[in-house]
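Report on one structure; see the data block that follows.
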Amino acid sequence: MATPKLTEEFMKEKIELINSPEMKNLRIEDFKRFQVYNGNLKKIVEDAIRKEFKQPKQIEGLLERVVPINIMRRIINKLAGLYIEAPVRNPRSKDESDQELVEIYEDSMSLNQRMKEANRYFKMWKRNVARPFVADGKPMLRNIPKFQYEVFSDNMLQPEIPDTYVEILREDKDVEKSLYAFFTADENKIVNGKAQLQTGMMKQMNNPDGKNELGILPIVYINESSVSVNPLPDDDLLRMSILIPLLLTDLAFASKYLTWSIIWIAGYDGDIPAGPASILTLPLDERGNHPKIGTVKPEFAMQDQLAYVENLVTMLLTTKNLSTSSVKSNMNALAPSSGIAKALDEAQSVEDKKDQQDYFLKAEGELWKQLHENYIPFWRKRNLLSKDFNKEFNNDFEINVTLQEPKVTLTEEEQIKITKAKIGDDAKLSTLERELRSLNPDMDTDQVKELEVEILEDQAKKTVIQSEMVNEMLNEDKDGQQS
């Protein structure tokens, strides 16, 4: 299908879509996800409290006890685990000069860090845009957060592949102050909210004619959907990431008033001291009766509420194909009902990561293809690269990328049990340290040593206990014989 032409009418139509209530609301939600993931949860929870409650004193009391526990970051990081270990990248030709250039670009672009970030954005928004660029003569790569761009496709046969990319440079109530950068494979234009060309900015970018000399859409687009260029992100994680802190804040607020008993007195209207270690002398009334004093202890099912929160977290993790043990350290979520259920959860988590591999292997292949065929020749033509990077790949260059196979993540207790069983079977064939390294390839040397020490200490304790039991039994037998 033909590449769209960036006419004024075409760009006006896209700007109207970008500013439609539906797209604006989606970008607001996208921005919330970004804020929550990056730790700005408290403000969003506070906004939710102000929206739900009306009385100023009640709002003030709740705001003082906000519990901003962030489950989104932990869950996203768990799901996006493709780049925990760096992949292996090699040219298929095994050419040494190509291999050297691959390593130079990996380092300059901080590729493993950027792809790890891309993986997290992908799990957050079901898509990601990565843009190569040059800064100070060095090739770089950045991921664009979803609320800063929109993509469009007029391709009826492949609606999931974008043919127009729009970067939102500035949004303003005054449409003439809003700025948008439009890209197709042939053109690159900067316009305001009325689709009027910003010729001054285009001249500063050495592109007064609005041409895209790269000859491609200047992005690597990873899209989970096969039917639309705009997949809808799941809203459950965002909603739950706000709801859980709200429920815990409710509990903290309730505890403020329900922790202490209420003291009541009847038949006495004098001054009553407040505070611990206080002594109150209560005089008799006219009839010689003592005033009455008592307490009212508020009742609140705190444990039931906590169990409710834990169940919500457990259900959320199940929908995300994660074992509940994944966030056990933060939320103390309920354990799976059986070993079978846990095994299924872990298998589903591995399966999800294997699905992600297909998207990212394809994306890495596309990135290196663009660098080889489009970006590097263009950067060299414009003299943008410093001496260290001013090289090209061979004509037949293609990349091979090998991602680490996803593994089931075991708890420390499970690691110890499996290791002990393994050692029991193969004790004569290997050492403890070697077995630990084999079973836990993700661990560094210090972590392996710590686990080894813990296992040996545990074995030593059991040996001491068994020895003491044997000695006690022998002593009992001796005492019996003497008597």
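- Residues that satisfy the ring pair (Phe, Tyr, Trp, His ring centres under 6.0 Å) test with Y121, not counting sequence neighbours, are W125.
- Residues passing the side chain to side chain donor-acceptor pair (under 3.5 Å) test with E16, sequence neighbours excluded: none.
- When side chains are defined from C-beta on, I244 does not count as touching I69, because their heavy atoms never get closer than 4.5 Å.
- Annotation: side-chain hydrogen bond (donor to acceptor under 3.5 Å, both in side chains) contacts involving residues 212-225, sequence neighbours excluded, comprise E213-R382.
- Classification of R114 and E117 as a salt-bridged pair holds, one side-chain N sitting under 4.0 Å from a carboxylate O.
- Applying the side chain to side chain donor-acceptor pair (under 3.5 Å) rule to K32 yields no partners; only residues at least two apart in sequence or on another chain are considered.
- Under the 4.0 Å criterion applied to side-chain N and carboxylate O atoms, D236 and R239 are not assigned as salt-bridge partners.
- Between F360 and F122, a ring centre-to-centre spacing shorter than 6.0 Å is recorded.
- Judged as a ring pair (Phe, Tyr, Trp, His ring centres under 6.0 Å), and not counting sequence neighbours, the contacts of F31 are F147.
- Residues N143 and N128 have side chains that bring a donor and an acceptor to within less than 3.5 angstrom of each other.
- In this structure, the side chains of E373 and I216 stay at 4.5 Å or more apart for every pair of heavy atoms.
- Looking at K362 and D358, no side-chain N of the basic residue comes within less than 4.0 Å of a carboxylate O on the acidic one, giving no salt bridge.
- The salt bridge (charged side-chain N to carboxylate O under 4.0 Å, His left out) check on K5 picks up nothing, with sequence neighbours excluded.
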Below 3.5 Å, can you tabulate the donor-acceptor pairs from side chains in residues 167-174 to any protein atom, sequence neighbours excluded?
| from | atom 1 | to | atom 2 | distance (Å) |
| --- | --- | --- | --- | --- |
| E167 | OE1 | R131 | NH1 | 3.1 |
| E167 | OE1 | Y165 | OH | 2.4 |
| R170 | NE | K177 | O | 2.7 |
| R170 | NH2 | K177 | O | 2.9 |
| E171 | OE2 | R27 | NH2 | 2.9 |
| D172 | OD1 | D174 | N | 2.8 |
| D174 | OD1 | E176 | N | 3.1 |

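- Taking CD from E85 and NZ from K116, the interatomic distance works out to 10.0 Å, rounded to the nearest 0.5 Å.
- In this structure, K211 NZ and M202 CE are separated by 11.5 Å, a value rounded to the nearest 0.5 Å.
- In the displayed structure, K126 atom NZ is contacted under 6.0 Å by more than 12 heavy atoms of other residues, nucleotides or ligands.
- Judged as a salt bridge (charged side-chain N to carboxylate O under 4.0 Å, His left out), and not counting sequence neighbours, R120 has no contacts.
- Between V151 and L217, every side-chain heavy-atom pair lies at or beyond the 4.5 Å cut-off.
- For the pair P68 and V45, the minimum side-chain heavy-atom distance is 4.5 Å or more.
- At a threshold of 4.5 Å between non-hydrogen side-chain atoms, the residues E100 and E96 do not count as touching.
- Taking OG1 of T3 as the reference point, atom CG of D186 lies at 4.5 Å (rounded to 0.5 Å).
- A 4.5 Å side-chain heavy-atom check between F397 and L101 finds every atom pair outside the cut-off.
- A donor-acceptor contact closer than 3.5 angstrom is absent between the side chains of N119 and Y359.
- By the ring pair (Phe, Tyr, Trp, His ring centres under 6.0 Å) test, W368 pairs with no residue at all, sequence neighbours left out.
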Validation: residues 383-390 side-chain donor-acceptor distances under 3.5 Å, sequence neighbours left out:
| from | atom 1 | to | atom 2 | distance (Å) |
| --- | --- | --- | --- | --- |
| S386 | OG | G137 | O | 3.3 |
| N390 | OD1 | R380 | NE | 2.8 |

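- With values rounded to the nearest 0.5 angstrom, T7 atom OG1 is found 10.5 Å from K12 atom NZ.
- For the atom pair CD1 (I44) and OG (S241), the distance works out to 9.5 Å, reported to the nearest 0.5 Å.
- With sequence neighbours excluded, the residues forming a salt bridge (charged side-chain N to carboxylate O under 4.0 Å, His left out) with K14 are D154, listed by chain and number.
- Applying the salt bridge (charged side-chain N to carboxylate O under 4.0 Å, His left out) test to pairs two or more places apart or on separate chains, none has a residue in residues 198-207.
- Side chain to side chain, E366 and Q370 meet the donor-acceptor criterion of an N or O pair below 3.5 Å.
- Within a 6.0 Å radius of CE in M23, more than 12 heavy atoms belonging to other residues, nucleotides or ligands are found.
- Surrounding CG of D136 are at most 12 heavy atoms belonging to other residues, nucleotides or ligands under 6.0 Å away.
- A 4.5 Å side-chain heavy-atom check between N230 and L26 finds every atom pair outside the cut-off.
- Residue T249 comes nearest to R65 through the heavy atom pair CG2-O, 3.5 Å, listed as atom of the first residue, atom of the second, then distance.
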